[in-house]
Amino acid sequence: MPPTEPPPDWVLTRRRTLGDRIRSARLSLHLSQERLGELSGQDRQTINRIEQGHHATRIDTLYRIAHALNVPLSDLVRE
C-alpha cells in the first residue's frame with residue numbers, strides 16, 4: 001500500500017476549527033471530554049484528538065457528537 005500524503009494545510013485548519021467548535025459547545029454544556037465521549041459512543045482520547053484537529057473523523061462520529069451536544073451538524077462544520 002503506498003504511503004499517504006499528509007493533508008493540505010487548509011484541511012488541517014478546518015479540522016482545528018471543527019475541534020474548536022466542538023470544544024466550545026462541550027464547555028458551554030459543562031461536559032468533560034469523557035462525558036461527551038460516553039454520550040457519543042467514543043472514548044475520551046478520540047474526543048481529545050478531534051478537538052485538537054489531529055483526527056480525521058468519520059461523518060457518523062460527527063453526527064453522534066452533534067447529537068450529544070444538541071447542535072445541528074451544520075453548526076459544527078460550517079465554513
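Because the structure is predicted, anything quoted here is derived from the model rather than measured.
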Exercise. If you look only at pairs with a residue in residues 67-76, which of them pass as a side chain to side chain donor-acceptor pair (under 3.5 Å), with sequence neighbours excluded?
Worked result: none

Problem set entry | side chain to side chain donor-acceptor pair (under 3.5 Å) pairs, two or more places apart, involving residues 50-59 | R26-E51, Q33-E51, R58-D60

Exercise. Which atoms form the tightest heavy-atom contact between P7 and R15, and what is the distance?
Worked result: CG-NH2, 3.6 Å

Problem set entry | Least distance between heavy atoms, P72 atom then A66 atom | C-CB, 4.3 Å

Exercise. In the hydrophobic cluster built from side-chain contacts under 4.5 Å, what are the other members alongside L18?
Worked result: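 I22, L29, L31, L36, L39, I47, I50, I59, L62, Y63, I65, L69, V71, L73, L76, V77, listed by chain and number.
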
Exercise. Mind checking who shares a hydrophobic cluster with W10, ILVMFWY linked at side-chain heavy-atom distances under 4.5 Å?
Worked result: V11

For this session: Keeping the roles fixed (side chain from T46, backbone from Q42), state whether a donor-acceptor pair exists under 3.5 Å.
Result: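 Checking the backbone N and O of Q42 against the side chain of T46, no donor-acceptor pair under 3.5 Å is found.
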
Problem set entry | Residue pairs involving residues 33-44 (criterion salt bridge (charged side-chain N to carboxylate O under 4.0 Å, His left out); sequence neighbours excluded) |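 Those involving residues 33-44 are R35-E38.
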
Exercise. Looking at residues at least two apart in the chain, or sitting in another chain, which of them share a salt bridge (Lys or Arg N to Asp or Glu O under 4.0 Å) with R14?
Worked result: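 In terms of salt bridge (Lys or Arg N to Asp or Glu O under 4.0 Å), with neighbours along the sequence ignored, R14 is linked to E79.
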
For this session: Determine, step by step, whether T61 and R64 satisfy the side chain to side chain contact (heavy atoms under 4.5 Å, CB included) criterion, reporting the C-alpha distance in whole Å, the side-chain angles of both residues, the deciding distance to 0.1 Å, and the verdict.
Result: CA-CA 5 Å; T61 302; R64 289 174 182 236; 5.6 Å; no

